[in-house]
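Remember, it's 1-based here, ligands and their atoms both numbered in the order they're listed. One-based numbering along the sequence shown.
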Amino acid sequence: MIKGHVALVTGAGSGLGAATARHLASLGATVACIDLTEGAAAAVAADIGGLALGADVSDAAAVEAAFDRLLEKLGVPRVVVSCAGIGTAARILPRDGSLTIGAFERTLRVNLLGTYTVMSVAARAIAAAEPLDGDGARGVIINTASIAYEDGQIGQAAYSASKGGVASMTLPASRELARFGIRVMTIAPGLFETSMSAGLPDDVRAEILKAVPFPSRMGDANEFARLVQCIVENPMLNGSVIRLDAAARMPIK
Ligand SMILES: NC(=O)c1ccc[n+]([C@@H]2O[C@H](COP(=O)([O-])OP(=O)(O)OC[C@H]3O[C@@H](n4cnc5c(N)ncnc54)[C@H](O)[C@@H]3O)[C@@H](O)[C@H]2O)c1
Ligand SMILES: C[C@@H](O)[C@H]1CC[C@H]2[C@@H]3CC[C@H]4CC(=O)CC[C@]4(C)[C@H]3CC[C@]12C
């Protein structure tokens with residue numbers, strides 16, 4: 001379902017998404033790279049001979065328009081990986097007494113609604129495509145949560161809620177889409193070296209790394225991409241959330 005097929009990666013302009021797009025291309029896929037930062041998606045797409053599409057995943061019309069262009073240019077993607085997301089640090093009760101409801105809403109819109117939107121638009125196209133094998137497989141959708149969905153720290157109520165929603169969607173989505181031969185999986189990464197985690201204050205990073213048993217280091221984005229490959233290549237992986245975290249359990253803050 002990789003070599004000679006089309007794949008779609010959101011958040012492909014940076015970090016885990018960019019590594020995944022590059023890895024799938026190295027395995028012979030033609031990759032469509034969606035990102036809010038179209039220039040970043042274009043740089044990755046240019047490197048791998050893929051298609052760059054600028055879209056905000058939280059904007060359903062933009063996602064549909066990008067998908068229409070993908071279908072026109074490349075055809076139906078059989079592998080869809082949602083990496084687009086934002087990290088948010090927002091306390092429920094900040095010291096200044098302000099309300100952080102806007103930050104909560106923005107985080108849920110991008111991380112949860114955006115993931116649901118891409119999954120919905122992709123599933124509609126994949127379900128209409130020809131089956132690829134004797135099982136009747138038509139495609140696989142891989143979403144990205146975070147270990148924060150279980151170990152959320154102080155200041156991560158919004159982020160953890162958004163990732164908890166992504167994780168919780170996995171089983172019902174896989175149950176519903178099974179009849180179309182579409183698998184749904186979620187990866188919950190621990191701390192990985194990307195632009196997002198670069199925003200971590202050094203003391204916070206050090207505290208989190210103390211809670212990473214082995215290997216006690218930041219993950220490499222290619223290690224995420226290799227799990228994507230494993231999921232695509234193993235048809236028995238469906239309806240599950242896989243923590244990719246070196247046995248980390250994040251500390252309280
Ligand atoms: N880096 C980590 O430690 C870590 C850990 C666990 C989970 N994650 C998750 O992995 C995913 C990828 O994160 P990353 O570390 O590669 O971060 P990153 O910031 O390097 O990449 C995220 C990409 O998503 C894009 N993006 C953001 N909002 C978007 C939107 N509304 N529409 C389209 N594209 C959008 C950004 O432009 C960026 O290119 C995120 O969902 C993040 O929450 C990251
Ligand atoms: C496991 C990962 O998803 C989270 C673990 C720690 C989080 C970071 C904590 C600091 C935040 C600082 C900020 O204002 C932006 C978001 C953060 C970098 C946040 C991002 C998600 C992780 C890395």
Yes or no on side chain to side chain contact (heavy atoms under 4.5 Å, CB included) for Met185 and Ser240, after CA distance, side-chain angles and deciding distance?
CA-CA 5 Å; Met185 286 290 294; Ser240 300; 3.8 Å; yes

Should Val31 and Leu8 be marked as a side chain to side chain contact (heavy atoms under 4.5 Å, CB included) after you check the CA-CA gap, both sets of side-chain angles, and the distance that decides it?
CA-CA 6 Å; Val31 184; Leu8 167 64; over 6 Å; no

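Val118 and Leu108 fall within a single hydrophobic cluster, where Ile, Leu, Val, Met, Phe, Trp and Tyr are joined by side-chain heavy atoms under 4.5 Å apart, directly or via other members. No single ILVMFWY cluster, assembled from side-chain heavy atoms under 4.5 Å apart, contains both Ile126 and Ile142.
The atoms of ligand 1 that sit less than 4.0 Å from any heavy atom of Ser195 are 20 (O). Contact atoms of ligand 1 toward Gly15: 16 (O), 20 (O) (distance under 4.0 Å to a heavy atom of the residue). Residue contact check: Val110 has heavy atoms under 4.0 Å from atoms 28 (N), 31 (N) of ligand 1. Using a 4.0 Å cut-off to heavy atoms of Gln156, the atoms of ligand 2 that qualify are 6 (C), 7 (C), 9 (C). Less than 4.0 angstrom separates some heavy atom of Leu191 from each of these atoms of ligand 2: 23 (C). Those atoms of ligand 2 that come under 4.0 Å of a heavy atom in Ile208, given as number and element, are 6 (C). Within the listing of ligand 1, atoms 30 (C), 31 (N), 32 (N) sit less than 4.0 angstrom from a heavy atom of Asp56. Those atoms of ligand 1 that come under 4.0 Å of a heavy atom in Thr144, given as number and element, are 9 (C), 10 (O), 11 (C). Within the listing of ligand 1, atoms 10 (O), 16 (O) sit less than 4.0 angstrom from a heavy atom of Leu16.
Counting all heavy atoms, side chain and backbone alike, Leu24 lies closest to Ile2 at O-CG2, 3.9 Å. For the pair Phe224 and Phe192, the tightest heavy-atom approach, listed with the atom from each and the gap, is N-CE2, 3.9 Å. Taking each heavy atom of Ile86 and Thr107 in turn, the nearest pair found is CD1-CA, 3.9 Å. Contact detail for Thr37 and Asp35: the closest heavy-atom pair is N-OD1, 2.8 Å. Looking at every heavy atom in both residues, Ile231 comes nearest to Val140 through CG2-CG2, 4.3 Å. Scanning both residues, Val166 and Leu112, for their nearest heavy atoms gives N-CD1, 3.5 Å.
Between Leu191, Asp35, Leu36, it is Asp35 that holds the heavy atom closest to atom 25 (C) of ligand 1. Considering Ala40, Gly85, Ser14 only, the shortest heavy-atom separation from atom 26 (N) of ligand 1 involves Gly85. With atom 19 (O) of ligand 1 as the reference point, the heavy atom nearest to it among Met196, Arg109, Arg243 is part of Met196. Comparing Lys253, Met196, Met250 by heavy-atom distance to atom 5 (C) of ligand 2, the nearest is Met250. Between Ala66, Ala221, Ala145, it is Ala145 that holds the heavy atom closest to atom 7 (C) of ligand 1. Of the listed options Ile208, Thr194, Leu53, Thr194 places a heavy atom closest to atom 1 (N) of ligand 1.
Under a 3.5 Å cut-off, the side chain of Thr144 and the backbone N or O of Ser82 do form a donor-acceptor pair.
Of the protein's non-hydrogen atoms, the one nearest atom 13 (C) of ligand 2 is Ala89 CB, 3.8 Å. Looking from atom 32 (N) of ligand 1 to the surrounding protein, the closest heavy atom is Val57 N, 3.0 Å. Summary of contacts: the protein heavy atom closest to atom 15 (C) of ligand 2 is Gly87 O, 3.8 Å.
One finds a salt bridge joining Arg243 and Asp151 here, because a Lys/Arg side-chain nitrogen approaches an Asp/Glu carboxylate oxygen to under 4.0 Å. A salt bridge links Glu193 with Arg205: the distance from a Lys NZ or Arg NE/NH1/NH2 to an Asp or Glu carboxylate oxygen falls below 4.0 Å.
Considering backbone and side-chain N/O of Tyr159, one or more are found under 3.5 Å from N/O of ligand 1. Of the N or O atoms in Tyr159, one or more lie within a sub-3.5 Å distance of an N or O in ligand 2. Where the criterion is an N or O separation shorter than 3.5 Å, residue side chain and backbone included, Ser146 meets it with respect to ligand 2. Note: no N/O pair closer than 3.5 Å links Ile34 and ligand 1 by distance alone.
Assignment of Lys163 to the shell around ligand 2 is not supported, since no heavy atom sits closer than 4.0 Å. The closest approach between any non-hydrogen atom of Thr37 and ligand 1 is below 4.0 Å. Every heavy atom of Val204 sits 4.0 Å or more from the atoms of ligand 2. Contact analysis puts Ala55 in contact with ligand 1, with a non-hydrogen atom separation below 4.0 angstrom. For the ligand labelled ligand 1, residue Gly190 lies inside the 4.0 Å heavy-atom shell. Ligand 1 is never approached by Gly219 to a heavy-atom distance shorter than 4.0 Å. For the ligand labelled ligand 1, residue Lys163 lies inside the 4.0 Å heavy-atom shell. For the pair Phe224 and ligand 1, no heavy-atom separation below 4.0 Å is found. Taking a 4.0 Å cut-off on heavy atoms, Ala148 fails to register as neighbouring ligand 2. Under a 4.0 angstrom heavy-atom cut-off, Cys83 registers as being in contact with ligand 1.
The nearest protein heavy atom to atom 7 (C) of ligand 2 is closer than 4.0 Å. Shown here, atom 10 (C) of ligand 2 is in close reach of the protein: a heavy atom of it lies under 4.0 Å off.
Separation of atoms CG (Leu200) and OG1 (Thr194) is listed at 9.0 Å; rounding is to 0.5 Å. Here Glu223 contributes atom CD and His23 contributes atom NE2; the two are 11.5 Å apart, rounded to the nearest 0.5 Å.
Taking the side chain as every heavy atom from C-beta outward, Thr186 and Tyr149 never approach each other to under 4.5 Å.
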